[in-house]
Number of protein chains: 2
Amino acid sequence: MSALYRQVCKKILDQIASGQRKVGDRLPPEEEFASELGISRSTLRLAFAELEASGVVRRRKRAGTQIIAMKPQPKFSMATSGIQDLLSLGRNTEFRINHVSTVHSDDIDFPGEHYSETAHWLKVCGARTMNDDPRPFSTNRVYVPARFAGIEPVLKTADTSVFQTIEATFGVSVNRVTQSTRAIACPRKDADLLGLEPGSPVLQIDAALYVQKGELMELSVAIFDPSRFQLYSDVSIE
Amino acid sequence: MSALYRQVCKKILDQIASGQRKVGDRLPPEEEFASELGISRSTLRLAFAELEASGVVRRRKRAGTQIIAMKPQPKFSMATSGIQDLLSLGRNTEFRINHVSTVHSDDIDFPGEHYSETAHWLKVCGARTMNDDPRPFSTNRVYVPARFAGIEPVLKTADTSVFQTIEATFGVSVNRVTQSTRAIACPRKDADLLGLEPGSPVLQIDAALYVQKGELMELSVAIFDPSRFQLYSDVSIE
DNA sequence: AAGTGGTCTAGACCACTAC
DNA sequence: TAGTGGTCTAGACCACTTA
């Protein structure tokens, strides 16, 4: 026989599955529910902790315990040693800035939504090299919203990445990263920098970095030489 | 003042940071530690639960509570509605099998390690179509180890994916997915199937699916038409 | 304002597993 | 096999949030 609090979990999940309780319903207050189930409040709380961790209920003071899902939500956790890895910046890489300018939101060349939240953006163009190899393995174009444009003077000394410069300067940290990856024929400009034939297949990764509450930190477009770079991901479930 | 058990967390983390306790050390047994800290065992357990959840300690019966990291490990959780999304199989897609054969492990064309765990593998070649568009948007080559080769007769009726067929047939579920993505020049064979010019840039995704304890479920090589497919990822930290 | 979850205590017995 | 974490109880007070 499994632990009592696990039985309680199962019981609640069964009640949800059978339609006896529905998503959106509120469960009784702890004290009441505990005596109703004939168990102590502590035990019930163990069960609730499990249901909360698995995304089945949400608990808020005064608002009670609310059912928000029918089944435990599988969690996809990414094996990553840091955002560096997530953003495909190797350990021994260096970022060299070629050009910095201020642009209008209309001039932003980034797929998807129109990022018109601020009129002016800082545009940073550069390239990334690895292990003292003078030939870069990626070219980068980064757009920084006006809010963080204050990094401009600091950028001169930055050799890691724009996002790390912003983190250090403003005391914020990246909270969320969305990426879109595709294969394209390499444009001439990037091909020249990467030492490739124009039109050869390259990987383009468009990334949006956010700090908190969906606040945008930067948009980034990177083009990678496929012979020296692959995108890895390692995801475990639950 | 924050909760007592949080203060205990912080205290332990501080002791680790100051070198007073080191990674690999064992913390005292709960009862002893609790009285040493002048708190109840329940409160200490709340602190331990937090430290365990954040990856700082590992707890095992009889072996005690061991420090395994100096700081709370940030968690990278991937926003995904399911493995389907993770593996870039759209909702309205269909998998059509072209060819099934048995091959030697030597004949496996998959980058990385030599997968010699089993001598014989089932090789499934197919393509994936979307929304009744007869022209596939991806070609697929899947290798299934001998252990799951029993799906062969069932494959005839499978139109979703090899991994789902294995899951349904053997009652297992995918536990971990590693992927490697790169841009390549499209081989002639795949170009014919996808309706592309040979040599045009395409996305190749090599994936390894595991069930549990690192047991391999399948190796998969997929080539995507970049005009109709992009790889998305959405990762939140902590 | 009060109902709710959050925190905390002091005990007890149990079950497993690593020594 | 015994030391350890796991489970469970019955109580108490508190702080917050939202109805």
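So that the names make sense, note that chain A is the first sequence line, chain B the second, and so on, each numbered from 1.
In this entry the distance linking CD of A:Glu30 with C1' of C:dT7 reads 11 Å, nearest Å. Regarding A:Gln66, its CD atom lies at a distance of 15 Å from the C1' atom of D:dT17, rounded to whole Å. Rounded to whole Å, the distance from CZ on A:Arg6 to P on D:dC8 is 9 Å. For the pair A:Leu4 CG and D:dT7 C1', the interatomic distance rounds to 9 Å; values are reported in whole Å. Residue A:Glu32 contributes atom CD, which lies 14 Å from atom C1' of C:dG5 at whole-angstrom precision.
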(Q) Apply side-chain contact (heavy atoms from CB on, under 4.5 Å) to residues A:Leu89 and A:Phe163 and explain how you reach the verdict. (A) CA-CA 11 Å; A:Leu89 325 176; A:Phe163 97 85; 3.9 Å; yes
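Counting non-hydrogen atoms of other residues, nucleotides and ligands closer than 6.0 Å to CD of A:Glu31 gives a total of 12 or fewer.
Looking at residues 39-62 of chain B, you'll see B:Ile39, B:Ser40, B:Arg41, B:Ser42, B:Thr43, B:Lys61, B:Arg62 sit with a heavy atom under 4.0 Å from some atom of DNA chain C.
The CD atom of B:Glu94 sits 11.0 Å away from the CG atom of B:Asn131 when rounded to the nearest 0.5 Å. Here the CZ-CD1 distance, from B:Arg147 to B:Ile166, works out to 10.5 Å after rounding to the nearest 0.5 Å.
The shortest distance between the side-chain N/O atoms of A:Tyr5 and the OP1/OP2 oxygens of D:dC8 is not below 4.0 Å. OP1 and OP2 of D:dT4 both lie 4.0 Å or more from every side-chain N or O belonging to B:Thr65.
End-to-end axis angle of the helix from C:dA1-D:dT18 to C:dA18-D:dT1, using five pairs per end and rounding to 10°, comes to 30°.
Side-chain contact check for A:Gln230 and B:Ser180: at least one donor-acceptor pair (N or O, by modelled atom type) lies under 3.5 Å. Residues B:Gln66 and B:Arg58 have side chains that bring a donor and an acceptor to within less than 3.5 angstrom of each other.
With respect to the salt-bridge test (charged N to carboxylate O, under 4.0 angstrom), the residues B:Asp107 and B:Lys123 do not qualify.
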Hey, can you pull the donor-acceptor pairs under 3.5 Å for the side chains in residues 44-55 of chain B, sequence neighbours left out?
from, atom 1, to, atom 2, distance (Å)
B:Arg45, NH1, B:Glu30, OE2, 2.7
B:Glu50, OE2, B:Arg6, NH1, 2.8
B:Ser54, OG, B:Glu50, O, 3.1
B:Ser54, OG, B:Leu51, O, 3.3

